[in-house]
Amino acid sequence: MLKRIDLTRDFQKHKDEFLTAIKEVCENTAFSGGPYADKFAGEFGEYIGVKYMTGVNNGTSALHLAMLALGIGPGDEVIVPANTYIATAWGVSYTGAKPVFVDCTADTWEIDPQKAEEAITGKTKAIAGVHLYGQPFDFKAIKEIADRHALFTIEDCAQAAGAEFEGIKCGNLADISCFSFYPGKNLYSFGEGGAVGSRNKDWIDKINVYKEQGCRVRYYHEVIGYNMRLEGIQGAVLSVGLKHLDEWTDRRRVIGQRYDREIVNPLIKKQFHPDNTKHVYHLYETQVPDPEHFLKYMAENGVECNRHYPVPCHLQEAYKDLGYKTGDCPNAEKLAAHCATLPLFPEMTDNEAKLVIALCNAYTGEERFQD
Ligand SMILES: *Cc1c(COP(=O)(O)O)cnc(C)c1O
């Protein structure tokens, strides 16, 4: 069975490098925060090109801390795409602010700037865009709207390490940017990890205090803080991964662009990739008439697929009190109903990619799209 993603191949390939790095951390017992975590944050900041970068314990915390740094709290609203991994919205909710969900466009499947502008109220503080699947959203349009309404911009780059918008790396576009290094992300730790980047030193300083139990000096707590440090072992593993990120991205793009070109079945809709973006193919998402039928067909032919994400944020049980209903974000709802993710990871072979393409093109389905 070809898995949707197989991290064991990556580990086997770089095993010695990873284990040497972990051993060094162990020998120095630099486990919580410390030099290896800080070294990685510095390297990653340099890679992204953003002036300040700090490591945190996961991407969800990165979003939470970014909101806190911007001073977002009870009574505020933050605009979030309805089609994202739920953690983008958690970051808002944890502060006591309210996520306001907006639809994606019908072709890029990224936040619709026009819908974002329509959702602005007197309480709106920020727009949090997500480079979903590794495809940069239209930052220029979002930034123009945010500037006109004096709002902050936030980038959720959890799926977009190495992606670019008009030649600038994602993570160096918005006022503040958030990364996740969850296993399976394009750059990943051996557990949990995250980072926050910004050009604004004060915000990153604030995050450094919050993530350290509210301390600048140990045992002197300025604010009610959190334990959200990046672990030393994760920092060391991420420094190894970062050296390979560009080669991994190139390989993802070779496979993804092949899918883009060679999957030509009208039953399988693909995401549109605007020319002014560099997409890093974190997830190869498609829309098919009946995902359950498609996943079964692929599995019977030896290929595992899965779905990102079957329920849009605004219709999640957790957010039922916000009062959204079906029809509020039709493009996101359609995507949730029809999404199917094809296997794609750097160590996939050409023959495996060929098999995925052949199966997709041979798929006859059971029903057609009802547009
Ligand atoms: C993975 C992910 C997160 C959360 O990151 P964790 O490290 O799992 O907490 C947030 N947003 C998006 C879009 C993600 O894909």
Side-chain angles (χ1 to χ4, degrees), residues 58-133 137-139 141-146 148-156 158-159 174-176 178 180 285 287 291-292 307-339 370-371:
N58 60 58
T60 308
S61 297
L63 286 153
H64 180 192
L65 291 166
M67 305 289 164
L68 290 176
L70 298 179
I72 288 163
D76 296 335
E77 293 178 356
V78 176
I79 293 168
V80 173
N83 61 316
T84 178
Y85 181 60
I86 195 75
T88 320
W90 288 164
V92 180
S93 297
Y94 292 162
T95 69
K98 189 173 107 177
V100 173
F101 296 111
V102 299
D103 208 359
C104 57
T105 74
D107 59 355
T108 64
W109 308 346
E110 302 296 333
I111 188 168
D112 184 334
Q114 197 187 321
K115 290 286 173 347
E117 183 155 31
E118 286 166 15
I120 294 169
T121 71
K123 295 177 175 174
T124 309
K125 283 280 151 58
I127 305 176
V130 181
H131 306 297
L132 196 68
Y133 311 137
F137 65 86
D138 186 351
F139 180 73
I142 291 292
K143 167 85 175 136
E144 193 269 317
I145 293 162
R148 212 149 17 83
H149 296 268
L151 305 176
F152 294 123
T153 53
I154 299 161
E155 282 174 88
D156 182 339
Q159 305 191 356
D175 292 318
I176 200 159
C178 304
S180 162
E285 209 59 27
Q287 290 191 49
E292 211 175 302
R307 309 189 62 216
H308 298 81
Y309 299 94
V311 181
C313 295
H314 67 294
L315 300 179
Q316 291 284 356
E317 176 82 21
Y319 281 126
K320 67 172 186 296
D321 290 350
L322 295 180
Y324 288 97
K325 53 190 188 317
T326 303
D328 286 341
C329 299
N331 291 330
E333 289 161 25
K334 196 168 155 206
L335 184 61
H338 295 288
C339 62
Q370 314 266 308
D371 282 306

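Residues: numbered from 1 along the sequence shown. Below, each value reflects all heavy atoms present in this structure, side chains not excepted, and no hydrogens, waters or symmetry copies.
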Seminar exercise, completed: Residues at least two apart in sequence or cross-chain that pass ring pair (Phe, Tyr, Trp, His ring centres under 6.0 Å) with His314, listed by chain then number, are Tyr324

For this session: Can you sort out the partners of Phe152 under ring pair (Phe, Tyr, Trp, His ring centres under 6.0 Å), two or more places apart, ordered by chain and number?
Result: Trp203

For this session: For residues Trp109 and Phe137, establish whether the separation of their ring centroids is below 6.0 Å.
Result: no

Exercise. Are more than 12 heavy atoms from other residues, nucleotides or ligands located less than 6.0 Å from atom CD of Glu144?
Worked result: yes

Looking at [X] and [Y], what are the two nearest heavy atoms and their distance?
X: Ala87; Y: Thr60; value: CB-OG1, 3.5 Å
X: Lys143; Y: Thr153; value: CA-CG2, 4.3 Å
X: Ile111; Y: Ala116; value: CD1-CB, 4.4 Å
X: Glu155; Y: Ala174; value: OE2-N, 2.9 Å
X: Pro81; Y: Cys313; value: O-SG, 4.5 Å
X: Cys339; Y: Glu285; value: CB-OE2, 3.2 Å

Problem set entry | Set of side chain to side chain contact (heavy atoms under 4.5 Å, CB included) partners for Asp103, sequence neighbours left out | Lys115, Cys329, Pro330, Asn331, Ala332

Rounded to the nearest 0.5 Å, how far apart are [atom1] of [X] and [atom2] of [Y]?
X: His64; Y: Ser93; atom1: NE2; atom2: OG; answer: 10.0 Å
X: Tyr319; Y: Leu322; atom1: OH; atom2: CG; answer: 7.0 Å
X: Leu63; Y: Thr95; atom1: CG; atom2: OG1; answer: 11.5 Å

Exercise. With no hydrogens and no angle check, is any side-chain donor or acceptor of Asn83 less than 3.5 Å from a backbone partner on Pro312?
Worked result: no

Exercise. Does the Thr108 side chain pair with the main chain of Glu110, one donor and one acceptor, at a distance under 3.5 Å?
Worked result: yes

For this session: Begin with the C-alpha distance, continue with both residues' side-chain angles, and end with the deciding distance and a verdict on side chain to side chain contact (heavy atoms under 4.5 Å, CB included) for Ile154 and Thr88.
Result: CA-CA 10 Å; Ile154 299 161; Thr88 320; over 6 Å; no

For this session: For residues 69-88, pull every pair meeting ring pair (Phe, Tyr, Trp, His ring centres under 6.0 Å), keeping only residues two or more places apart or in separate chains.
Result: Tyr85-Tyr309

Side-chain donor-acceptor distances from residues 67-79 under 3.5 Å, at least two apart:
residue	atom	partner	partner atom	Å
Asp76	OD1	Lys125	NZ	2.8
Asp76	OD2	Gly73	N	2.9
Glu77	OE1	Thr121	OG1	2.8

Problem set entry | Note: Arg148-Glu117 ion pair, threshold 4.0 Å (strictly below) | yes

For this session: Show your working on side chain to side chain contact (heavy atoms under 4.5 Å, CB included) between Val80 and Val92 and close with a plain yes or no.
Result: CA-CA 9 Å; Val80 173; Val92 180; 4.0 Å; yes

Exercise. Is there a side-chain contact between Thr326 and Leu315, using heavy atoms and a 4.5 Å cut-off?
Worked result: yes

For this session: Side-chain contact test, heavy atoms from C-beta onward, threshold under 4.5 Å: evaluate it for Thr124 versus His149 and give yes or no.
Result: no

For this session: Decide whether Thr105 and Asp112 meet the rule of one side-chain donor and one side-chain acceptor closer than 3.5 Å.
Result: no

Problem set entry | Gln159 and His131 side chains, donor-acceptor separation under 3.5 Å | no

Exercise. Do Ile127 and Ile145 pass the side chain to side chain contact (heavy atoms under 4.5 Å, CB included) test, and can you show the C-alpha distance, the side-chain angles, and the key distance before you say yes or no?
Worked result: CA-CA 9 Å; Ile127 305 176; Ile145 293 162; 4.2 Å; yes

Problem set entry | Residue list, side-chain hydrogen bond (donor to acceptor under 3.5 Å, both in side chains) with Tyr94, at least two apart or on another chain | none

